[in-house]
Amino acid sequence: MSEVDPPLAPAPDLKLDPSQASAPGRIFPYSFDRRDRAADLRDRFAGLEPGAETGIEVSVAGRLMLVRPQGKLAFATLTDSSGSIQLFALVNLTEGFEGFAKLSLGDWVGATGQVVTTKKGELSVKVSSWVLLAEARRGFGDKWRGITDPDTRFRQRYVDLWSNETARRALMLRSQTIAWMRRYLDSHGFMEVETPVLHPIPGGATAKPFITHHNALDMELYLRIAPELYLKRLVVGGFEKVFEIGRVFRNEGISPRHNPEFTMLELYQAYADYEEGIRLTEEMVSGVAVALLGTASLEYQGRPLDLTPPWRRASMSELVSEAVGEQLSVDTERSVLVELAARHGIEADESWGTGKLIAELFEKACEPSMWDPLIVTDFPLEISPLARPHRSKPGLTERFEAIVAGRELVNAFSELCDPDDQRVRFERQALLHDQGDEEAMAVDEDYLRALDYGLPPTMGLGLGIDRLVMLLADAGNIREVIAFPTLRPEAGGDK
RNA sequence: GCGCCUCUAGCUCAACGGCAGAGCAACGGACUCUUAAUCCGCAGGUUCUGGGUUCGAAUCCCAGGGGGCGCACCA
């Protein structure tokens with residue numbers, strides 16, 4: 001058995017003998033003068049009477065999604081990236097009519113002709129000439145249902161995108177969301193920057209990294225789990241408002257809400273605190289919904305979801321107390337929290353302090369039942385190694401998370417600027433790491449050195465783009481909003 | 001990583017212990033206004049893989065593989 005190419009190609013559903021494809025005479029055009037898009041034609045010629053002849057010649061191109069040959073006439077539904085339009089061919093008008101009537105579903109066709117409506121009133125291009133731009137040698141699945149098998153859909157996304165409108169729409173919303181964010185941040189004085197993806201020390205979040213190796217330097221490098229520490233270095237360097245939209249990588253499980261690589265927006269604003277972060281979060285999340293969907297009142301997975309600000313705010317301790325029915329805080333006796341945790345099925349580790357216990361209780365008792373947008377504030381210092389201590393509440397930080405539809409969407413805080421405090425926090429993390437917590441951080445000496453030069457008061461904010469798009473696209477699975485989600489390699493052979 | 005569910009024609013699905021089927025796609029044909037066009041014909045299978053139970057297994061059991069969902073972890 002050949003080791004070079006796994007046998008992916010010899011599909012039983014090939015429509016043609018592959019040898020024909022390269023046979024002389026089967027040469028497809030190198031370009032096509034497409035001048036009109038389906039959606040534009042629909043706009044331009046809306047409301048024509050049945051049987052109308054406009055006398056206007058147009059040229060369209062796209063894939064044939066349906067074909068209805070009918071003796072000396074033929075109809076076909078052509079879809080381009082804007083939408084669909086009907087092609088109408090007649091034996092005594094259309095060049096090469098016999099060939100047209102034999103076109104297959106999925107073939108790429110360019111067509112020129114007059115805009116008309118049929119007797120039934122369907123807007124159509126009455127084809128005078130046409131050209132086969134590329135053929136579909138494999139079938140497109142059931143013409144009505146397309147393909148629905150999730151495995152095939154994501155492995156062969158090119159088929160999914162043509163046959164499933166919602167798949168296309170989700171990726172379009174993703175693109176529009178990122179474009180909107182860029183415009184918003186640009187118009188608010190933020191500068192887009194790029195920071196390394198290959199990190200000598202993974203940092204900025206608590207997560208297991210992917211490890212890789214650089215040959216020339218003969219050293220381990222890590223794919224970034226967050227850009228945070230580099231972005232703050234740029235603030236030290238004098239850039240007051242920066243942001244990055246980029247891929248981060250976490251070596252953790254795959255689930256409907258987790259892909260090993262995902263896209264994060266991180267922004268940093270000098271002279272601002274987490275109050276500004278809350279304001280920005282509400283404005284951006286509701287703003288992008290209104291811009292793309294026309295409203296901030298969404299329906300998500302069959303339930304109403306209103307993103308209109310202001311969102312409810314509550315501290316983590318308040319929420320936990322509310323859920324447990326008992327007044328709790330990071331100052332509560334540790335044994336009391338351990339007992340409560342046990343009652344919620346949480347096995348408390350020796351190393352956990354009251355802050356970690358509160359956070360665990362929060363995740364277990366509160367988070368799953370949350371739906372409407374909520375700003376959870378004042379996270380325990382123990383679980384927030386990069387956040388600045390709360391200005392008036394000991395043991396807490398000025399950190400908040402935005403929880404929407406039960407999921408963390410935004411994590412932000414007033415940044416820790418004090419190099420001495422940061423060193424202590426890093427060292428505690430490093431200790432946890434040595435004790436076996438693979439997600440704990442390491443001491444980043446260069447970052448500490450940067451803080452020595454002075455980080456001004458700064459607000460930092462991270463927003464999960466994939467999860468935001470899930471809300472906008474009403475997608476229940478993160479893979480719906482990622483063009484090529486991470487999958488196990490194909491088992492072998494063809495599907 | 002653990003639990004539950006699932007895998008049948010290219011696609012979407014039936015058959016649930018007794019002859020492996022349908023619709024669509026493909027292929028051949030008919031058809032001058034269709035809209036998932038319609039009609040006639042033809043072809044299409046390692047029922048995920050390997051064992052077992054049984055007179056007989058797509059169907060029941062065991063193991064493995066792919067996929068889905070939930071839990072755990074996180075964003």
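Within every chain, numbering begins at 1; the chains are lettered A, B, ... in the order of the sequence lines, protein sequences first and strands thereafter. Quick caveat: nothing in here was measured; it's all calculated off a predicted structure. The figures here come from the full heavy-atom set of this structure, side chains too, leaving out hydrogens, waters and symmetry mates.
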Please report, rounded to the nearest Å, how far the [atom2] atom of [N] is from the [atom1] atom of [X].
X         : N      : atom1 : atom2 : value
Trp144(A) : C13(B) : CH2   : P     : 15 Å
Gln86(A)  : A36(B) : CD    : C1'   : 13 Å
Phe75(A)  : A37(B) : CZ    : C1'   : 9 Å
Asp142(A) : G23(B) : CG    : P     : 13 Å
Leu123(A) : U35(B) : CG    : C1'   : 14 Å
Ile147(A) : U12(B) : CD1   : C1'   : 11 Å
Arg68(A)  : A36(B) : CZ    : C1'   : 9 Å

Presence of salt bridge, [Y] and [X], under 4.0 angstrom:
X         : Y         : value
Lys356(A) : Asp349(A) : no
Glu135(A) : Arg137(A) : no
Glu98(A)  : Lys102(A) : no
Arg428(A) : Glu382(A) : no
Asp151(A) : Arg155(A) : yes
Asp160(A) : Arg168(A) : no
Arg153(A) : Glu480(A) : yes

*Write down the atom of Val330(A), the atom of Gly355(A), and the distance for their closest heavy-atom approach.*
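Distance-wise, the nearest heavy atoms are CG1-CA, 3.8 Å.
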*Looking at Thr94(A) and Trp130(A), what are the two nearest heavy atoms and their distance?*
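Minimum heavy-atom contact is CG2-CD1, 3.7 Å.
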*With distance as the sole criterion, is a donor-acceptor pair present between the side chains of Glu266(A) and Tyr268(A) under 3.5 Å?*
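Yes - a donor-acceptor pair under 3.5 Å links their side chains.
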*Using distance alone, with no hydrogens and no angle criterion, decide if Gln86(A) and Ser124(A) have a side-chain donor and acceptor under 3.5 Å apart.*
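Note: Gln86(A) and Ser124(A) side chains meet the donor-acceptor criterion.
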What integer number of Å spans the [atom1] atoms of [N] and [M]?
N      : M      : atom1 : answer
U53(B) : C13(B) : C1'   : 29 Å
A14(B) : U47(B) : C1'   : 12 Å
A30(B) : G44(B) : P     : 24 Å
C73(B) : G17(B) : P     : 42 Å
G56(B) : G67(B) : C1'   : 31 Å
C60(B) : C19(B) : P     : 16 Å
G18(B) : G70(B) : C1'   : 38 Å
G50(B) : A57(B) : C1'   : 15 Å

_Near RNA chain B, counting only heavy atoms under 4.0 Å, which residues of residues 41-56 of chain A show up?_
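Contacts with RNA chain B under 4.0 Å: none.
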*Near RNA chain B, under 4.0 Å by heavy atom, which residues of residues 370-380 of chain A?*
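Listed by number, there are none.
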What N/O pairs connect the protein and nucleotides 28-32 of chain B at under 3.5 Å? Give each pair on its own line.
from   : atom 1 : to       : atom 2 : distance (Å)
C31(B) : N3     : Gly71(A) : N      : 3.1
C31(B) : N4     : Gly71(A) : N      : 3.4
U32(B) : OP2    : Lys72(A) : N      : 3.2

*Test log, rule ring-ring contact (aromatic ring centres under 6.0 Å, His included), inputs Trp180(A) and Tyr184(A)*: CA-CA 6 Å; Trp180(A) 187 91; Tyr184(A) 175 92; 5.2 Å; yes
*asked:* For Phe413(A) together with Tyr274(A), are the ring centres under 6.0 Å from each other?
replied: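 No.
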*How do Ala205(A) and Gly121(A) order along RNA chain B: which one's closest nucleotide is nearer the 5' end?*
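Nearest nucleotide further toward 5': that of Gly121(A).
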*Position toward the 5' end of RNA chain B (nearest nucleotide), Ala76(A) or Val67(A)*: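 Counting from the 5' end, the first nearest nucleotide belongs to Ala76(A).
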*With under 30° as parallel and over 60° as perpendicular, where do the rings of Phe426(A) and Tyr447(A) fit, or are they tilted in between?*
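Answer is perpendicular, since the angle exceeds 60°.
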*Atom CD of Glu299(A): over 12 foreign heavy atoms under 6.0 Å*: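 Atom CD in Glu299(A) is crowded, with more than 12 foreign heavy atoms closer than 6.0 Å.
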*Flag if over 12 foreign heavy atoms under 6.0 Å of CD, Glu438(A)*: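 Atom CD in Glu438(A) is not crowded, with 12 or fewer foreign heavy atoms closer than 6.0 Å.
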*Side-chain N or O of Arg145(A) less than 4.0 angstrom from OP1 or OP2 on U12(B)?*
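No, no such contact exists.
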*Taking the side chain of Lys119(A) as its heavy atoms from C-beta onward, which of C33(B), U12(B), A36(B) lies nearest to it?*
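Selected nucleotide (nearest to the side chain): C33(B).
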*Who pairs with Trp311(A) by ring-ring contact (aromatic ring centres under 6.0 Å, His included), at least two apart in sequence or on another chain?*
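Residues passing ring-ring contact (aromatic ring centres under 6.0 Å, His included) with Trp311(A): none at all.
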Distances under 3.5 Å only, N/O to N/O: pair up the protein atoms with those of nucleotides 67-73 of chain B.
from   : atom 1 : to        : atom 2 : distance (Å)
G67(B) : OP1    : Arg155(A) : NH2    : 3.4
G67(B) : OP2    : Arg488(A) : NH1    : 2.7
G68(B) : OP1    : Arg479(A) : NH1    : 2.1
G68(B) : OP1    : Arg479(A) : NH2    : 3.0
C69(B) : OP1    : Asn477(A) : ND2    : 2.8
A72(B) : OP1    : Lys364(A) : NZ     : 2.5
C73(B) : O2'    : Glu439(A) : OE2    : 3.1

*asked:* Please evaluate residues Leu280(A) and Glu276(A) with respect to the criterion side-chain contact (heavy atoms from CB on, under 4.5 Å), reporting the C-alpha separation (whole Å), side-chain torsions for both, the decisive distance (0.1 Å), and the verdict.
replied: CA-CA 6 Å; Leu280(A) 265 179; Glu276(A) 172 69 1; 4.2 Å; yes
*Checking all strands, does Thr118(A) fall into the base, sugar-phosphate, or nothing category for heavy-atom contacts under 4.0 angstrom?*
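Thr118(A): base contact, heavy atoms under 4.0 Å.
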*Select base, sugar-phosphate, or nothing to describe what Glu122(A) touches, counting heavy atoms under 4.0 Å on all strands.*
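Since a base atom lies under 4.0 Å of Glu122(A), the category is base.
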*Where does RNA chain B pair, written as one dot-bracket string 5' to 3', with Watson-Crick or G-U pairs under 3.5 Å, ( ) inside the strand, [ ] for crossing pairs and | for another strand?*
(((((((..((((....[..))))..((((.......))))......(((((..]....))))))))))))....
